[in-house]
Amino acid sequence: SPSVSTAELDHLVQTISKSHLETCQYLTEELQQTSWQSFLQAEVESYQSKPRELMWQLCAVKITEAVQYVVEFAKRIDGFMELCQNDQIVLLKAGSLEVILVRMCRLFDSQNNSVYFDGKFAGPDVFRALGCDDLITSVFDFANSMCSLRLSEDELAVFSAFLLLSADRSWLQEKLKVEKLQQKTQLALQHVLQKNRREDGALNKLRSKVSALRSLCTRHTETLSAFRAVHPDVVRTHFPPLYKELFG
Amino acid sequence: KDKHKILHQLLQNSTS
């Protein structure tokens with residue numbers, strides 16, 4: 001692995017954190033201003049009684065909005081834009097939803113098992129109309145488990161970068177180049193965890209999240225395929241084109 | 001690139 005000085009690692013953590021805060025979509029202060037307001041029962045029922053395809057469209061739009069912030073985050077990671085275009089696309093196609101799921105813990109109220117969605121905090125029951133309760137439950141479970149790690153913004157930022165720079169994605173053309181970037185980011189992750197006086201198992205706990213994330217993303221793709229089989233025209237005409245590019 | 005025109009475009013655009 002590359003030998004990197006502590007000063008360099010500090011700088012790397014700093015730049016990744018800055019990029020993360022610049023592209024995080026919602027600042028913590030903004031969320032605090034919402035006073036963690038949950039949807040009223042009437043509002044929950046309104047979401048629940050939406051036609052399935054409309055709720056899918058709404059969620060696809062929200063995911064697509066979030067993706068655009070992740071793309072901007074990736075562009076600001078040192079070395080990412082120096083990768084070949086094919087690999088930039090491969091890494092974002094495979095990693096953007098993983099980063100969105102990690103970022104979700106910033107918008108998550110563990111006490112009420114709810115996530116910031118469409119202006120207020122929504123429990124899993126808000127998403128019932130999607131018809132994929134198992135996946136929604138798993139997503140909420142994941143958010144809870146991420147929140148319980150109590151990662152700082154720095155740690156979230158570097159972990160997000162680490163996920164994006166996964167050198168084991170299929171179809172990478174310059175795998176060694178990505179590996180080098182990932183190794184440096186992993187060192188930065190170890191560095192920030194040590195600096196924040198985390199216990200030794202912290203890095204391993206984060207590594208164990210990687211397989212959970214991949215499983216969730218696979219299930220999302222499969223669930224979308226199943227929905228598309230039933231509503232091909234809805235997906236074709238009403239889903240955001242970027243969403244279809246990445247997940248279709 | 002051909003299959004990911006929008007993503008490619010976002011990557012090409014200057015920082016927003």
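The figures here come from the full heavy-atom set of this structure, side chains too, leaving out hydrogens, waters and symmetry mates. Below, read A as the first sequence line, B as the second, and so on, with proteins coming before strands; counting in each chain starts at 1.
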Members of residues 155-179 of chain A whose heavy atoms come closer than 4.5 Å to chain B:
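Those residues of residues 155-179 of chain A which would need a heavy atom under 4.5 Å from chain B do not exist here.
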Test side-chain hydrogen bond (donor to acceptor under 3.5 Å, both in side chains) applied to B:H4 and A:Q88, A:K93, A:Q85, A:E245, the passing residue
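The residue from A:Q88, A:K93, A:Q85, A:E245 that satisfies side-chain hydrogen bond (donor to acceptor under 3.5 Å, both in side chains) with B:H4 turns out to be A:K93.
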Atom CD of B:Q12 and atom NZ of A:K75: how far apart are they, to the nearest 0.5 Å?
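So the CD of B:Q12 and the NZ of A:K75 are separated by 8.0 Å.
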Over all heavy atoms of both residues, which pair between B:H8 and A:I89 is shortest? Give the atoms and the distance, please.
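Looking at all heavy atoms of both residues, the shortest contact is CB-CD1, 4.2 Å.
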Minimal non-hydrogen separation, B:L7 against A:L242, with atom names:
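In terms of heavy atoms, the two residues are closest at N-CD1, 4.1 Å.
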Close side-chain approach of B:L10 and A:Q68, heavy atoms under 4.5 Å
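B:L10 reaches A:Q68 side chain to side chain.
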